[in-house]
Amino acid sequence: NNAGLGIGQPMDQIQTKHLDMQLDINLRALIIGTREALPLLREAGREHGKALIVNTASIAGKSGQPWLSVYAATKAAVLNFTVATEKEVGAEGIACTALAPGFVDTPMTDYIKDSVKAEEMIQPEDLAEAVRFLLRTSRNCFVPELVFTRPAETVGSP
């Protein structure tokens with residue numbers, strides 16, 4: 001589940017349309033996608049002993065960010081939903097992990113590339129390697145989340 005939309009606005013200027021878009025894309029779609037995939041995931045869990053759900057959250061979900069309050073709230077919900085899903089379906093062989101990266105060099109971060117150069121950002125390949133790792137872990141290994149930061153960053157800052 002890798003959809004995401006972040007619209008930066010001061011809290012007193014949050015437009016309902018933008019609020020709804022972020023809730024729909026960042027959270028509602030992820031929940032519906034998970035619900036709809038569960039029959040196939042359960043089948044894979046039975047057949048292979050392990051199926052995997054990977055949800056893309058954000059480091060912003062670990063610590064609220066000014067002007068990104070709605071985005072951060074939806075990504076915090078993704079982190080929590082991931083753990084709740086694992087608790088509900090983990091015994092059926094379905095592992096669930098949330099990825100919580102800082103700035104990743106994608107079109108979504110074009111707005112900040114004047115301040116943070118693309119080559120200084122986390123690379124999409126870094127997240128792909130994390131998914132490869134998750135696919136290689138045993139069915140007895142639960143990794144609730146992986147946080148990705150750039151050098152000298154802290155979890156509270158993207």
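Start at 1 with the first residue, then count along the sequence. Computed over heavy atoms, backbone and side chain alike; hydrogens, waters and symmetry mates excluded.
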Is there a path from [X] to [Y] through hydrophobic residues (I, L, V, M, F, W, Y) whose side chains come within less than 4.5 Å of each other?
X    : Y    : result
L146 : I122 : yes
V104 : L134 : yes
L68  : M11  : no

Counting only heavy atoms not in [X], do more than 12 sit closer than 6.0 Å to its [atom1] atom?
X    : atom1 : answer
K87  : NZ    : no
E43  : CD    : no
E120 : CD    : yes

In the structure I gave you, are the side-chain heavy atoms of [X] and [Y] within less than 4.5 Å of one another anywhere?
X    : Y    : result
I53  : T97  : no
D105 : Q123 : yes
L99  : V131 : yes
N1   : V54  : no
E145 : T82  : no
K113 : D110 : yes
C96  : V83  : no
I31  : F81  : yes

Which heavy-atom pair separates [X] from [Y] by the least distance, and what is that distance?
X    : Y    : answer
S58  : Y71  : CB-OH, 3.4 Å
V116 : M121 : O-CE, 3.4 Å
A57  : P101 : O-CD, 3.9 Å
A95  : K50  : CB-CE, 3.9 Å
A72  : A60  : CB-O, 3.3 Å
A100 : K62  : CB-CG, 4.5 Å

Under the criterion side-chain contact (heavy atoms from CB on, under 4.5 Å), which of [options] is the partner of [X]?
X   : options            : result
T85 : L41, T34, I94      : T34
I7  : Q15, H18, K17      : H18
L5  : D24, I25, L23, T74 : I25

Could you state the interatomic distance from [atom1] ([X]) to [atom2] ([Y]), rounded to the nearest 0.5 Å?
X    : Y    : atom1 : atom2 : value
F103 : S115 : CZ    : OG    : 8.5 Å
L19  : Q9   : CG    : CD    : 9.0 Å
L40  : E47  : CG    : CD    : 11.0 Å
L52  : R136 : CG    : CZ    : 12.5 Å
R150 : I59  : CZ    : CD1   : 9.5 Å

Do T56 and K75 have side-chain N/O donor and acceptor atoms under 3.5 Å apart?
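Side-chain D/A pair, T56 to K75: absent.
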Going by an N to O cut-off under 4.0 Å, is there a salt bridge joining R46 and E92?
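Salt bridge: no.
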Donor-acceptor contact present, side-chain Q65 to main-chain S63, <3.5 Å:
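Yes, because the side chain of Q65 sits within donor-acceptor range (under 3.5 Å) of the backbone of S63.
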Working for side-chain contact (heavy atoms from CB on, under 4.5 Å), residues L127 and F148
CA-CA 8 Å; L127 280 70; F148 300 76; 4.3 Å; yes
